[in-house]
Amino acid sequence: MLKRCTDGRHLQKLQPVMNQSNFNAEAHSIIPQSCLLLHPGLITKAILTTAYVVLLIAACTVNTIVIYLVRTCKYLRQSTFNHLIINMAVADIMDVCFSMITSLLFMFVGVNWISGYGGKISCKLVCFSVSVSIGLSISTLVIMSVDRYMAIVHVMTNPISTTKKCIALSWIVSVLVGVPCLYKMDTRESERGSTICRSVWSDDPEEHLLYSTLEECGKVLLLYLLPLILLGTTSVIIGLSLRKRRPLGNSETQERISAQNQRIFKLLVSIVVLFAFCWLFAHVNHLISVLSLSKYCALLAPVPLLFFWISHTNAAINSIIYFIFNSKFRQGLRDVFRVRETIPLQTRHIVPHKNFAFEGMEFAENIAITEIRRSKNQESVERDKDLEFDTKL
């Protein structure tokens, strides 16, 4: 009898501890239904849906224009550095498409997923695609920074963009970044009987929490801190090198080189600041979710959803920066619109030769063609002058 009472008291003492342990393990395994992130309001859904759709359209449009200009404009296609810009534009399109679509699905559907083998495969592939696109964008940005460092600081050394191996390297790195998703992501049945897609490093809750924490810390180190240090270091060295460099030639040449050097430095600083600002919010989101899920779930739904939106705005602003600081991209865009505007000039106001009232006068078509040829010749001369000071930016 005494033994039974002792065992009963022992079980009563252990039961709260066991329940608390199970609660913590379950809380760190999946997002609980009480989490505010899973219950955004109608106004939040409307505002964020509009923001996500606008970002999706803007990023796809801007990056598509960049790819089109580099592929069609001869003076942009000749620079091998611009092939890295195409690579980053492709990565940004992939990033914004996969990330925005999954964010919208999460906002309206939550963690629910389709069941069966199709659900398991799609669960892994969606996470893999998002990770690959993010890794590709960041690795390409780092390679571009190193390429500019070699081209400006070490002038006598061939820049790494003279070969396409750097593009292959960026894809290899991005695939390695996405490989963990093929292992950890899986579908599980929730308490309500629905299928959910979530990370499952281990069936042991403590091991799962440990591996998840190591994963997020590793992402912060490899995809944020190290690239940020490398981007900042190369930008500072490039800025100091440009400041110390003494331009040769007359006063007009010196002014042009000085102005170009200022644009280069502003471009590099803008890229570093944009990268540091945008991706900070995503990593803060992930770290809070693994280090303190209770605090993460206590955040209002618009906060983490807005953080993810800010992070992926980098995909649209990257290309806009090159239009702001690179005159050749702006010139290419003007050339495209100028060609479309001049097409009607060649067909309108054409008068038959039999009309003697206009005898001895040039026809409007010939005038338009002459003006087009004259403007193109002038642009080619100016472009040849700019090539003398080209730094491949």
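Note that this is a predicted model, so its numbers are computed, not measured. In this chain, residues are counted from 1 in sequence order.
Heavy-atom contacts from other residues, nucleotides or ligands closer than 6.0 Å to CZ of Arg330 number more than 12.
One hydrophobic cluster holds both Leu300 and Ile288 under the rule that ILVMFWY side chains link at heavy-atom gaps under 4.5 Å. Note on Leu56: it clusters hydrophobically with Phe108, by side-chain heavy-atom contacts below 4.5 Å among ILVMFWY residues. Cluster annotation: Val303 and Val284 are assigned to the same hydrophobic cluster (Ile/Leu/Val/Met/Phe/Trp/Tyr, side-chain heavy-atom contacts under 4.5 Å, transitive). Residues Leu125 and Leu176 do not share a hydrophobic cluster, clusters being chains of Ile/Leu/Val/Met/Phe/Trp/Tyr side chains in contact below 4.5 Å. A single hydrophobic cluster is seen to contain both Leu182 and Val175, as judged by linkage of ILVMFWY side chains at heavy-atom distances under 4.5 Å, directly or through other members.
One finds the CG atom of Asn82 at 10.0 Å from the CG atom of Leu69 (value rounded to the nearest 0.5 Å). Note that CD1 of Ile271 and CZ of Arg148 are 10.5 Å apart. Values are rounded to the nearest 0.5 Å. Distance check, rounded to the nearest 0.5 Å: CH2 of Trp309 to CG of Leu305 gives 12.5 Å. Interatomic distance, CG of Leu230 versus CG of Leu226, reported as 8.5 Å (0.5 Å rounding). To the nearest 0.5 Å, the span separating CD on Glu216 from CG on Asn285 amounts to 10.0 Å. Taking CZ of Arg188 as the reference point, atom OG1 of Thr195 lies at 11.0 Å (rounded to 0.5 Å).
The shortest heavy-atom contact between Ser292 and Lys295 is OG-CG, 3.1 Å. Between Ser174 and Leu136 the shortest heavy-atom distance is CB-N, 3.3 Å. Here the closest heavy-atom approach between residue Lys124 and residue Met185 is recorded as NZ-O, 2.7 Å. Here the closest heavy-atom approach between residue Ser199 and residue His208 is recorded as O-CE1, 3.0 Å. Listed here is the closest heavy atom pair of Ile229 and Thr233: O-OG1, 2.7 Å. Closest non-hydrogen pair, Ser133 versus Val130, comes out as OG-O, 2.7 Å.
Checked against His312 for a ring-ring contact (aromatic ring centres under 6.0 Å, His included), the options Phe307, Phe98, Phe281, Trp279 give a single hit: Trp279. When the options Thr64, Thr61, Asn63 are evaluated for a side-chain hydrogen bond (donor to acceptor under 3.5 Å, both in side chains) with Ser319, the one that passes is Asn63.
For Ala58, there are no side chain to side chain contact (heavy atoms under 4.5 Å, CB included) partners at least two apart in sequence or on another chain. Judged as a disulfide (SG to SG under 2.5 Å), and not counting sequence neighbours, Cys60 has no contacts.
Taking the six-membered ring where tryptophan is involved, the planes of Trp201 and Tyr183 are tilted, since the angle between them lies from 30° to 60°.
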Query raised in the report: Given the rule in the side chain to side chain contact (heavy atoms under 4.5 Å, CB included) test, do Tyr52 and Met107 qualify, once you have shown the distances and angles that lead to the verdict?
Result: CA-CA 11 Å; Tyr52 285 155; Met107 188 164 51; 4.1 Å; yes
Query - Met144 vs Met88, side chain to side chain contact (heavy atoms under 4.5 Å, CB included): CA-CA, chis, key distance, verdict - result: CA-CA 9 Å; Met144 290 167 63; Met88 188 176 68; 4.0 Å; yes
Requested in this report: Show the numbers, then the answer: is there a side chain to side chain contact (heavy atoms under 4.5 Å, CB included) between Ser194 and Glu189?
Outcome: CA-CA 6 Å; Ser194 60; Glu189 186 176 348; over 6 Å; no
Report task. Dump the intermediate steps for side chain to side chain contact (heavy atoms under 4.5 Å, CB included) on Ile167 and Leu84, then the final yes or no. Result -> CA-CA 7 Å; Ile167 297 179; Leu84 290 175; 3.8 Å; yes
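A donor-acceptor contact shorter than 3.5 Å is absent between the side chain of Ser131 and the backbone of Phe128. In this structure a side-chain-to-backbone donor-acceptor pair under 3.5 Å is missing from Ser241 to Ile237. Between the side chain of Tyr224 and the backbone N or O of Ala276 there is at least one donor-acceptor pair closer than 3.5 Å. The main-chain N or O of Leu231 is found under 3.5 Å from a side-chain atom of Thr234 such that the two form a donor-acceptor pair. Using a distance-only test at 3.5 Å, with no hydrogens or angles considered, no donor-acceptor pair links the side chain of Ser212 to the main chain of Leu209.
Pairs engaging residues 107-122 under the salt bridge (Lys or Arg N to Asp or Glu O under 4.0 Å) rule: Lys120-Asp186 [sequence neighbours left out].
Taking the side chain as every heavy atom from C-beta outward, Ile196 and Asn112 approach each other to under 4.5 Å. Between Phe277 and Asn314 there is no side-chain heavy-atom pair separated by less than 4.5 Å. With contacts defined as side-chain heavy-atom distances shorter than 4.5 Å, the pair Val290/Tyr296 does not qualify. No side-chain heavy atom of Met150 sits under 4.5 Å from any side-chain heavy atom of Asp147. Side-chain contact between Ile134 and Val177 is absent, with no heavy atoms from C-beta onward closer than 4.5 Å. The side-chain heavy atoms of Thr213 and Leu291, taken from C-beta on, include a pair separated by under 4.5 Å. At a threshold of 4.5 Å between non-hydrogen side-chain atoms, the residues Leu48 and Pro40 do not count as touching. Side-chain contact between Ile138 and Phe275 is present, with at least one heavy-atom pair separated by less than 4.5 Å.
Residues Ser170 and Asn87 have side chains that bring a donor and an acceptor to within less than 3.5 angstrom of each other.
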